[in-house]
Amino acid sequence: MRTSLRSGGSRCGPDRIERTICRLGFAAIILAFAFLSIAAEPASRPAAVSEQQLAGWVASLNDLSPAARASATAALLDLQRDDLAQLKAVVRKASPLSPAQVEVLHDVVMHVYLSGEQYPKLTSGFLGMRMIQLDQLDRDPRTIGQGIIIQSRMAGFGAYRSLLDGDVLLSIEEYPNNWLTDSGTFVMLIKQTRPGTTLHMMILRQGRQMTVPVTIDARPADARMNNNDPDSAEEYNNSRLLLAEEYWEKQFGLVAGESYSRAD
């Protein structure tokens with residue numbers, strides 16, 4: 001799943017942040033098809049995850065069934081940061097892994113690591129994604145006001161765990177009188193939601209309508225996320241991705257069997 005980063009094979013660019021964002025993007029595109037094969041409401045995992053469970057999920061990342069791969073990915077994305085040491089031990093025992101397994105594990109570790117990263121918080125809700133209104137993409141008057149499309153998500157926040165790039169947000173079950181006709185309304189609803197709350201969002205994914213549970217995080221207090229400047233928000237996200245990429249390379253890269261070099 002990951003684009004080759006060896007010399008002559010890279011399409012992601014030489015910069016570490018560009019490579020990381022590119023990898024996350026390619027994985028999201030491919031996983032979108034797999035996620036269609038599982039129920040929108042995932043089963044909750046036990047508070048304590050066993051080595052046997054982790055080994056099963058890692059093995060299932062190489063399963064021929066898209067549904068099995070998607071179910072394992074969803075379970076791994078729900079891990080806590082404290083679970084990463086045990087996951088590393090499982091990965092070491094399972095090595096060598098296939099490129100597909102390494103690709104998903106990279107994205108999982110990045111997300112789980114960042115989801116446990118402490119940051120100054122506001123009391124308002126936050127999902128961690130960029131979006132655009134459908135009517136800004138398609139000027140056909142018959143489609144105006146029919147939803148908001150997710151352009152990209154930030155690893156470590158609720159949108160990355162539960163939603164996919166390209167999903168179209170239609171409505172929120174907990175706010176029945178607020179159809180998502182514009183991004184401003186959506187942002188307002190999320191901000192007024194208490195962090196830790198799970199909202200049930202009706203979405204359109206690859207032509208199928210479904211309801212997905214999404215847990216709301218606390219909005220970062222960092223000024224770069226609150227000055228309405230997309231470039232500043234991207235800078236904030238990139239600084240977080242660098243931390244997670246360094247963790248992956250130090251803790252999982254060699255264990256997972258990655259063979260590319262930073263110089264490529």
Side-chain angles (χ1 to χ4, degrees), residues 12-13 15-28 77-81 84 106-134 136-137 147-169 172 174-175 178 180-201 203 212-248:
C12 292
D15 183 79
R16 291 175 63 197
I17 284 293
E18 290 180 2
R19 293 205 309 261
T20 297
I21 295 173
C22 184
R23 294 173 201 161
L24 294 172
F26 279 122
L77 284 172
D78 201 34
L79 294 176
Q80 305 298 313
R81 192 170 183 174
L84 289 177
H106 171 270
D107 296 350
V108 164
V109 171
M110 295 279 287
H111 167 75
V112 174
Y113 178 83
L114 289 174
S115 69
E117 185 75 3
Q118 295 300 311
Y119 60 94
K121 302 173 182 179
L122 302 178
T123 57
S124 54
F126 183 70
L127 269 180
M129 66 186 195
R130 296 183 68 176
M131 55 196 163
I132 188 170
Q133 295 169 209
L134 276 179
Q136 292 176 343
L137 296 176
I148 298 166
I149 188 169
I150 298 175
Q151 292 181 298
S152 61
R153 299 155 297 141
M154 297 171 65
F157 294 107
Y160 195 88
R161 181 185 297 108
S162 304
L163 301 169
L164 294 172
D165 294 354
D167 282 350
V168 179
L169 307 174
I172 302 173
E174 287 75 11
Y175 297 106
N178 291 274
L180 304 181
T181 57
D182 64 87
S183 56
T185 298
F186 179 76
V187 170
M188 177 193 69
L189 294 175
I190 297 303
K191 282 185 173 181
Q192 72 182 40
T193 302
R194 183 178 180 179
T197 301
T198 296
L199 298 179
H200 294 79
M201 300 187 182
I203 67 170
V212 177
V214 185
T215 300
I216 306 303
D217 293 295
R219 187 170 187 85
D222 193 293
R224 291 172 293 180
M225 289 300 301
N226 298 286
N227 62 2
N228 297 318
D229 179 5
D231 290 337
S232 295
E234 184 175 358
E235 178 188 342
Y236 172 78
N237 188 40
N238 286 348
S239 66
R240 297 171 68 256
L241 289 176
L242 266 179
L243 289 175
E245 187 67 34
E246 289 171 358
Y247 176 83
W248 164 263

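Here, residue 1 is the first one in the sequence, and each next residue gets the next number. Computed from a predicted structure; not experimentally measured.
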Report the C-alpha separation of Met154 and Leu114 in whole Å, then their side-chain angles, then the decisive distance to 0.1 Å, and conclude whether the side-chain contact (heavy atoms from CB on, under 4.5 Å) test is met. CA-CA 9 Å; Met154 297 171 65; Leu114 289 174; over 6 Å; no
Nearest-0.5 Å distance, CD of residue Gln151 to CG of residue Asp165: 9.0 Å
Where does the angle between the aromatic ring planes of His106 and Trp248 fall among parallel (under 30°), tilted (30 to 60°) and perpendicular (over 60°)? perpendicular
With sequence neighbours excluded, tell me which residues meet salt bridge (charged side-chain N to carboxylate O under 4.0 Å, His left out) with Glu174. none
I need the minimum non-hydrogen distance between Ile203 and Asp167, along with the two atoms involved. CD1-OD2, 3.5 Å
How long is the straight-line distance from CG of Leu79 back to CG of Leu84, given to the nearest 0.5 Å? 7.0 Å
Taking salt bridge (charged side-chain N to carboxylate O under 4.0 Å, His left out) as the test, write out the residues that go with Arg224, two or more places apart. Asp222, Glu235
For Ser115 and Tyr160, does a side-chain donor sit closer than 3.5 Å to a side-chain acceptor? no
Less than 4.5 Å apart, any side-chain heavy atom of Tyr175 and any of Gln192? yes
Pairwise distance CG(Asn238) to CG(Leu243) - rounded to 0.5 angstrom: 11.5 Å
Of all residues at least two apart in sequence or in a different chain, which pass the side chain to side chain contact (heavy atoms under 4.5 Å, CB included) check with Thr215? Thr198
Between His200 (side chain) and Val212 (backbone), is there a donor-acceptor pair under 3.5 Å? no
Taking all non-hydrogen atoms of both residues, which atom of Met225 and which atom of Arg219 are closest, and how far apart? O-NH2, 2.8 Å
For Asp217, salt bridge (charged side-chain N to carboxylate O under 4.0 Å, His left out) partners two or more places apart: none
N/O donor-acceptor pair under 3.5 Å between Ser162 side chain and Pro213 backbone: yes
Kindly give the heavy-atom pair with the smallest separation between Leu163 and Arg153, and that separation in Å. O-NH1, 2.7 Å
Going by side chain to side chain contact (heavy atoms under 4.5 Å, CB included), name the residues that satisfy it together with Asn228, two or more places apart in sequence or in a different chain. none
With rounding to the nearest 0.5 angstrom, report the CG to CG distance, Leu199 to Leu127. 7.5 Å
Aromatic ring centroids of Phe157 and Tyr119 under 6.0 Å? yes
Of all heavy-atom pairs linking Ile190 and Phe126, the shortest is CG2-N, 3.7 Å
Smallest separation among heavy atoms of Met110 and Glu245, with atom names: SD-N, 3.5 Å
Looking only at heavy atoms, the pair that brings Pro195 and Ser124 closest together is CG-O, 3.8 Å
Keeping the roles fixed (side chain from Asn226, backbone from Pro220), state whether a donor-acceptor pair exists under 3.5 Å. yes
Could you go step by step and tell me if Met201 and Phe186 meet the side-chain contact (heavy atoms from CB on, under 4.5 Å) rule? CA-CA 11 Å; Met201 300 187 182; Phe186 179 76; 4.1 Å; yes
Does Arg130 have any side chain to side chain donor-acceptor pair (under 3.5 Å) partners at least two apart in sequence or in another chain, and if so, which? none
Is any side-chain heavy atom of Ile132 closer than 4.5 Å to one of Ile148? no
